[in-house]
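Have a look at the structure below before the remarks.
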Amino acid sequence: MRILQLHCDSIEYNPTKKEIKSAEEITPEPKRLEEVVVVFVAIENGDDSEIAQKAISEIKTSMGKVGCKKLLLYPYAHLSSNLAAPSTALSLLKEMESLASDLEVSHAPFGWTKSYNVKVKGHPLAESSKVFSKDVAPHDHGHTHDDEGQASEALKSESKIKSFWYILSPDGTMTEVDKFNFAKHEKLEILAKYEAAKKRAVDEPPPHVKLMKKMAIADYEPASDSGNMRFYPNGRLIKSLLERFVTDQVKEYGGLEVETPIMYDSHHPSMESYFNRFPARQYNINTEGKQLFLRFAACFGQFLMANDFQISYKNMPMKLYELTRYSFRREQSGELVGLRRLRAFTMPDCHAFCTDIPQAIEEFRKRFDLSRNVLKEVGIDDSDYEMAIRFTEEFYNENKAYIEELVRKMGKPVLVEMWKERFFYFVLKWEFNYVDNLGKASALSTDQIDVENGARYGIRYFDESNTPHHPIILHNSPSGAIERVIYALLEKAALDQKEGRKAQLPLWLAPTQVRIIPLKEEFAKHCEELADKLSASDIRVDIDDRNETLGKRIRESETEWIQYTLVIGEKEIGKANLSIRDRKTGDVIELSFDEFVSKIKEQTKDKPFTKLNLSRYLSKRPQIMV
RNA sequence: GCCUCGAUAGCUCAGCCUGGUAGAGCGAAAGUUUCGUAAACUUUAGGUCGUGGGUCCAAAUCCCACUCGAGGCUCCA
C-alpha cells in the first residue's frame, strides 16, 4: 500500500464519470472539506487487513502530531503500478475508514474519475509519503494468490495451509493417496484426484442443465445475478417436497426449527471477527448508512439467537435448525454451473450445541446416521457418493478410534485430509461428495465439530457448579443444498438415459404421479370422477384432454416421466378394474382402484405430499418448456 | 475473476468460412379427425439474427466492447 499524506487548508473534488464497472454507486456531486488531512491511497496486490491497520495507525499518529481531526481517504491508483483488484481495494478502503471512525472520516468515491483542487499547508509535517507492505515474505509452496489481492488474513493463511492426503479403509489402514489401489473404487479415485491433485477434465456441458429445462424444473434468470435461478411449477413442487422431507427428518432427530434474518450488519462485533476469518465473497447492501451483507449460511442467526438463550448443561445438546431460503455466496462467475453451484441456494443447517468433545462425538454419530438416511430416502444411494473426512493431526491422535468407527460405518474407503495445525474453526469435518458422470465431485451432506464460534458469539451454558462455558458447536447439513440434491437426482436420471434405462424421479417427487387419458371426449366425465377419487387419496393426478391421438398422448406421458398412465375408453367404463400402463415396464396391468392406490402409497410411504402444482387439464396449461 | 468457445422463431438447430430480401423440425393458432398404449392431416402466424458501436454502397455473416451461457484455471466459510 502506498500513501501520500497532505495536511490541507481545503480540498474540493468532483466525481465526473465512472472509471471502472465496479465503481461505487453514488450520486456524483462536488465536495469541499476544510482543515483536513488528505490521504491519497493506492492499494496494492498482497495488501490485507493487517496492512490497512498498520497504515491507519501511522496516519492517526501523524494526525495527532499536527492536531488535525478530519481525515479524507482519497483512492488514487496512480501511486502504484501493482494495484490490487478493485473489490479488494474498495473493501480495504472501507475497512480503513471504519478503523478511523474515532475521527471525522470520509472517503472520495472509488472507481470514479475526479477533478480536484487542493491547498496544502506550508509546515514541515504537512506532506509525507509512505509504503506499507508485509514483513513476512509469502510462502513459496505454489499456492500463493499474489495476483488476486485478498481481502482478509484468512485467505492468505488458507493458501499456506498444508494438507496430507490419505485413504482410510474400513479395516483401519491408512494409505497415502499415491499408494492406494483404486481398482475397485473408481469414484473415490475421481474424488481424490479432484480434491488432492485438483485435476479435472471435462469437455461437455453437464447433462442436468438440459434436463432441468426440459422437465420445466428450473432455468437461468438473466435479469438477476448469475447463479440465481428461477423455479417453474414443477421445480417448486420438487423443491418444496425435498425441503419438507429434510425438515421433518431433522425435527424427528430433535432439531428446533427457527427462522432468522437473511441480512446482517457487517460491523456487528461478532461478524467483524468472523469476516476476518474468511474471504469476502458475500453480497453487500449499503442502505441508510448501514453496511449489510446477505448471509452465506444460517450460522449467524442461530448463534446470535443462542447467545440470548439461558442454557443449562441439562439442556445440552441443544439443536437449532433452519432451512435457509436463501443463503448467498458470491462464487466466482466461472464456477457457476446449472443447479450444481449457485450464488443463491437453499440450505438445511442444523447446529448442535454440546458441552464437550465426548458429547459432541456422541451427537456426531447420530447426525452421521441421519444424513445417510436422508440421502438414501431422497434417492441418493451409498454407491452414488464418496466420503471425505478432514481433521487436524492432534484431533486424530486423540480420537483415532472414533474416526475409524465412522469409516467402518461407511463401509468403504474414504478420502482423508489431515492438517498439521488447525486453521479453520473446526477440528473434524466429514462430507459426502456426489460424483457425477462427468467426473465432477460436489459435497452434499456435511458435519463439523467447531471449537471456535462458541466463544466468538459469546454463547454460554452453565455446568453443575453454575460455571459458564462456551459450547462446542456441530454444523450439519443433512442433505446439502436442496438445489444440489435436485442436480444429483437429474444427473442420475441422465446417466440412466445414457445407459439405456428409463429416467425417473422417485414417485413422491413426481410432479404428476398418475395421468388419465380419455380415449374420446365422451369419457371426460368419467375421467374427472376418477381423478377426483385419486386426488382424495392424496395422489397427484392430471388429465390429458387435448385433441391429440392416443399414441401422442402416451408418448408425452413417457417423456414427462409419468409413472402411471390410465387410458379410459369403452372397455374401462363398464369394468371395475383399472387398466394401468406402468412406465417402468411399458406393460398394461389390471388392478382394482384400492390396489392401485395402495401400490402408490407403498412407494410414497413416510414422504410428504403436496397437491398438483399445474392445472389438472393439460388443455389449460401454458407450455413452459418443449 | 482470468483464458477459450458460443448466442439466429417459444424450443432444438441450419445459414456465417466466401457480405447481397431469414430457413427447417418441434411447439403455437385455426380447421379436419375421435383414435386402444412412444409422434394423425391441412393451413396460418411467428425473427430488433443477444445488446451497443465500427468497417462497407450493403452486415446474421467481417472487426471492437458489453451481457448471458459453456469448458478450463483458480475457488467453494
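Nothing here was measured: the structure is a model prediction, and the numbers come from that model. Throughout, protein chains are lettered first and strands after them, A, B, ... in sequence-line order, and every chain is numbered starting at 1.
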What's the separation between atom CG in N307(A) and atom OG in S270(A), rounded to the nearest 0.5 Å? 7.0 Å

Quantified in whole Å, what is the P atom distance between nucleotide rA30(B) and nucleotide rG15(B)? 35 Å

Base-pairing mate for rG71(B) - Watson-Crick or G-U, with both contacts under 3.5 Å: rC3(B)

What does rA60(B) pair with, Watson-Crick or G-U, if both distances are under 3.5 Å? none

Pair R515(A) + E560(A), salt bridge at N-O below 4.0 Å: yes

Expressed in whole Å, how much space separates the C1' atoms belonging to rG36(B) and rA45(B)? 34 Å

How would you summarise protein contacts on nucleotides 31-47 of chain B per nucleotide, using B for base, S for sugar-phosphate only and - for none, with heavy-atom distances below 4.0 Å? -BBBBBBBBB-------

Gap separating the CD1 atom of I568(A) from the CD atom of E522(A), nearest 0.5 angstrom: 13.0 Å

Identify which nucleotide among rA77(B), rC68(B), rA28(B) has an atom closest to any side-chain atom of Q623(A), counting heavy atoms from C-beta outward. rA28(B)

Spacing of H208(A) atom NE2 relative to rA70(B) atom C1', expressed in whole Å: 12 Å

Spacing between Q332(A) atom CD and rA77(B) atom P, to the nearest angstrom: 13 Å

Please give the distance between the C1' atoms of rC49(B) and rG19(B) as a whole number of Å. 15 Å

Taking the C1' atom in each of rU4(B) and rU44(B), what is the distance between them to the nearest angstrom? 44 Å

Spacing of K213(A) atom NZ relative to rC11(B) atom P, expressed in whole Å: 9 Å

Without decimals, in angstroms, what is the distance between D225(A) CG and rU67(B) P? 12 Å

rC41(B) versus rC26(B) - spacing of their P atoms, nearest Å: 8 Å

Please give, in whole Å, the distance from rA7(B) P to Y220(A) OH? 17 Å

Nearest whole angstrom, please: distance from the P of rG69(B) to the NZ of K210(A). 19 Å

Separation of the P atoms in rG10(B) and rA39(B), to the nearest angstrom: 28 Å

If the threshold is 4.0 Å, N to carboxylate O, is there a salt bridge linking K319(A) and E363(A)? yes

Sidechain N-carboxylate O distance under 4.0 Å for E499(A), R501(A): yes

Mind checking salt bridge (charged side-chain N to carboxylate O under 4.0 Å, His left out) for D450(A) and listing every partner two or more places apart, or none if nothing turns up? none

Considering every strand and a 4.0 Å limit on heavy-atom distances, what is the contact class for L336(A): base, sugar-phosphate, or nothing? sugar-phosphate

Mind calculating the distance between CD (Q282(A)) and P (rC75(B)) to the nearest angstrom? 19 Å

What is the nucleic acid contact for V209(A), judged by heavy atoms within less than 4.0 Å: base, sugar-phosphate only, or nothing? nothing

Between rA59(B) and rC17(B), how far apart are the P atoms? Round to whole Å, please. 14 Å

Could you tell me the Watson-Crick or G-U partner of rA38(B), where both distances fall under 3.5 Å? Say none if there is no partner. none

Nearest to the side chain of K440(A), heavy atoms from C-beta on, is which of rG72(B), rC75(B), rA77(B)? rG72(B)

Rounding to the closest angstrom, what is the interatomic distance between rC5(B) and rC64(B) at atom P? 11 Å

To the nearest 0.5 Å, what is the distance between OG1 on T559(A) and CZ on R583(A)? 8.5 Å

rG23(B) - base-pair partner by Watson-Crick or wobble geometry, distances under 3.5 Å: rC13(B)

Assuming nearest nucleotide by heavy-atom distance, tell me which of S226(A) and R341(A) is located more 5' along RNA chain B. S226(A)

Who pairs with rC49(B) - Watson-Crick or G-U, where each distance is under 3.5 Å: none

Going by purine N1 to pyrimidine N3 plus the second Watson-Crick contact, or the G-U wobble pair, all under 3.5 Å, which nucleotide sits opposite rA29(B)? rU43(B)

Rounded to whole Å, please give me the gap between CZ in R621(A) and P in rG27(B). 17 Å

Ring center gap for H268(A) and F293(A) short of 6.0 angstrom: no

Can you name the residues that form a salt bridge (charged side-chain N to carboxylate O under 4.0 Å, His left out) with E572(A), not counting sequence neighbours? none

